[in-house]
*Asks:* 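Attaching a single structure in C-alpha cells format; questions to follow.
Throughout, protein chains are lettered first and strands after them, A, B, ... in sequence-line order, and every chain is numbered starting at 1. In this text, all values refer to a predicted model and were calculated from it rather than measured experimentally.
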Amino acid sequence: MDLNYLANLQKQWAAKVIIPPDDVVYAPQPDDVIFSLDIQYVDNTAFVGLDVQRYSGELMGTYVEQISVDVPYVPQFFCFREGPPLLKIIKSVQQHFNLKPDLLITDGHGIAHPRRFGVACWLGVHTLLPTIGCAKKTLLDYQGVLGKKRGSCLPVYLENEMVGKVLRTQENIKPIFVSPGHQISLSTAADMILNLAPRYRICEPLRRADQAARAYAKGSPQAGNKVCSISR
DNA sequence: GCGACAG
DNA sequence: ATCTTGTCGC
C-alpha cells in the first residue's frame with residue numbers, strides 16, 4: 001500500500017465532503033430510512049451486517065453479506081479497507097429490496113480524522129447520502145472533562161475547526177465519538193445518535209448490524225439475511 | 001524498549 | 001477486529 005498516495009487521495013476526496021453548519025441540508029424525519037453498518041472479520045472474509053430502520057424506531061430488518069477483503073487495516077486508512085464492502089452491501093440491499101436509504105450510520109469516524117476523511121466520508125462521497133461516523137476510540141486529542149450524565153458531550157477540534165463530539169450515551173459509561181461523514185451537521189449527527197442509543201453505549205441500529213454479522217460469521221446464515229420489503 | 005492511533 | 005474465564009449487575 002502506497003500510504004503517501006492514499007493520504008493524498010483522502011485529502012483530495014475530503015474536499016468533496018459537505019458538512020453543513022445546521023440541518024438545512026438534512027433534517028431528520030420520522031419516516032427516514034436508516035442503513036446502519038458493521039463488519040465482523042474471519043481471516044480475510046468480511047461478514048458485513050446492515051440494519052434497516054426508520055428514524056421513528058420502526059424496525060425493517062437486517063441483512064448480512066459475506067465479502068472477501070484483501071486491503072489490510074492501517075490506522076487512518078481504514079476507509080480503503082472497509083469502504084468497498086460497505087458500499088457493496090448498501091447497493092445489494094438497495095437493489096434486492098428496492099429500498100432507498102435517507103441516512104447511513106457506520107462504525108468509524110467521519111471528518112474527525114487527521115485528514116478529515118474517515119470511512120463515513122468515504123461512504124458519503126461514494127453515495128452522496130447523509131452519513132454519520134460512530135467510533136469507540138478517537139484519533140484526535142480533545143480538551144476538557146466530560147460530564148457523567150447521559151448526553152454530556154465535548155467538542156473535538158482539528159485545526160480550530162469543530163469536527164466531532166465526544167458523546168456520553170449512558171451515564172457513567174465510556175463515551176463514543178461522533179462525527180459527520182457527509183451532508184449532515186455535527187449537531188444533528190450527535191443528536192440523532194443520542195436518540196438512537198436509549199439503552200446502551202452503542203446505538204441500537206449499529207448493535208443490530210453487529211449482532212447480525214456476528215451471528216452469520218459464527219454460522220447462523222438464517223439469522224440475518226432478511227429485510228422486509230416495504231412501501232413508501 | 002516506548003507508545004499505541006477508527007476496525 | 002480477534003484471541004479468552006470469570007465475575008458483576010440488571
*Asks:* Grab the CZ-C1' distance between A:Arg214 and B:dG7 for me, whole Å please.
*Replies:* 12 Å
*Asks:* Check step by step if ring pair (Phe, Tyr, Trp, His ring centres under 6.0 Å) holds for A:His182 and A:Trp13.
*Replies:* CA-CA 11 Å; A:His182 192 53; A:Trp13 286 350; over 10 Å; no
*Asks:* Between A:Tyr73 and A:Tyr41, is the ring centre distance below 6.0 Å?
*Replies:*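 No, ring centres 6.0 Å or more apart.
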*Asks:* Just how far, in rounded Å, is P of B:dG7 from CD of A:Glu82?
*Replies:* 9 Å
*Asks:* Do NZ/NE/NH1/NH2 and the carboxylate oxygens of A:Arg207 and A:Asp38 come within less than 4.0 Å?
*Replies:*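 No, this pair does not count.
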*Asks:* Inspect the surroundings of CG in A:Asn172 and state if more than 12 heavy atoms from other residues, nucleotides or ligands are less than 6.0 Å away.
*Replies:*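 Yes.
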*Asks:* Under 4.0 Å between any heavy atoms, over every strand shown, what does A:Phe77 touch: base, sugar-phosphate, or nothing? Just pick one.
*Replies:*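 Result for A:Phe77 = base.
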*Asks:* State whether the aromatic ring of A:Phe78 stacks on the base of B:dA6, taking stacking to mean ring centres under 5.5 Å apart and ring planes under 30° to each other.
*Replies:*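 Aromatic stack with B:dA6 absent for A:Phe78.
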*Asks:* Where do A:Leu154 and A:Leu146 come nearest, in terms of heavy atoms and distance?
*Replies:*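 Taking every non-hydrogen atom into account, CD1-N, 3.5 Å.
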*Asks:* Check whether any side-chain heavy atom of A:Thr169 lies under 4.5 Å from a side-chain heavy atom of A:Arg201, and answer yes or no.
*Replies:*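 SC-SC contact between A:Thr169 and A:Arg201 confirmed.
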*Asks:* Answer yes or no: is there an ion pair linking A:Arg116 with A:Glu159, defined by an N-O contact shorter than 4.0 Å?
*Replies:* yes
*Asks:* Using the C1' atom in both, what is the distance from B:dA4 to C:dA1, to the nearest Å?
*Replies:* 16 Å
*Asks:* Got more than 12 heavy atoms from elsewhere within 6.0 Å of CG, A:Asp43?
*Replies:* no
*Asks:* Measure CG/A:Leu206 against C1'/B:dG7 and give the value in whole Å, please.
*Replies:*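 These atoms are roughly 13 Å apart.
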*Asks:* Earliest and latest nucleotide of DNA chain C, 5' to 3', sitting under 4.0 Å from a non-hydrogen atom of chain A?
*Replies:* C:dA1 to C:dT2
*Asks:* Heavy-atom nearest nucleotide on DNA chain C for A:Asp38 versus A:Arg199: which residue maps closer to 5'?
*Replies:* A:Asp38
*Asks:* Less than 3.5 Å apart, any donor N or O on the side chain of A:Tyr55 or A:Asn195 sitting next to an acceptor on the other?
*Replies:*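 Yes, because at least one side-chain N or O of A:Tyr55 sits under 3.5 Å from a partner of the opposite role on A:Asn195.
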*Asks:* Please state how far atom OH in A:Tyr142 lies from atom C1' in B:dC5, giving the value in whole angstrom units.
*Replies:*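 Rounding to the nearest Å, OH of A:Tyr142 and C1' of B:dC5 are 14 Å apart.
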*Asks:* Please give, in whole Å, the distance from B:dC5 C1' to A:Lys137 NZ?
*Replies:*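 For the pair A:Lys137 NZ and B:dC5 C1', the rounded distance is 8 Å.
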*Asks:* What nucleic acid atoms does A:Gln76 come within less than 4.0 Å of, heavy atoms only: base, sugar-phosphate, or nothing?
*Replies:*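 Base contact - A:Gln76 has a heavy atom under 4.0 Å of at least one base atom.
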*Asks:* Taking atom P in both C:dT4 and B:dG1, compute the distance separating them and give it to the nearest angstrom.
*Replies:* 24 Å
*Asks:* Give the rounded distance in Å between these two atoms: CD of A:Gln10 and C1' of B:dA6.
*Replies:*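 Nearest whole value for this atom pair: 12 Å.
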*Asks:* Any base atoms under 4.0 Å from A:Tyr41, or only sugar-phosphate, or nothing? Heavy atoms, all strands.
*Replies:* sugar-phosphate
*Asks:* Whole angstroms only, please: what is the NZ-C1' distance between A:Lys165 and B:dA6?
*Replies:* 20 Å
*Asks:* Any stems for DNA chain C, made of 3 or more Watson-Crick or G-U pairs in a row, each with both distances under 3.5 Å?
*Replies:* none
*Asks:* Contact class for A:Val119 vs. all strands (heavy atom < 4.0 Å): base, sugar-phosphate, or nothing?
*Replies:*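 The residue A:Val119 makes base contact.
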*Asks:* Using whole Å, what does the distance between atom C1' of nucleotide B:dG7 and atom NE2 of A:His113 come to?
*Replies:*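 After rounding, the reported distance stands at 12 Å.
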*Asks:* Taking A:Arg168 for the side chain and A:Ile173 for the main chain, is one N or O donor matched with an acceptor at less than 3.5 Å?
*Replies:* yes
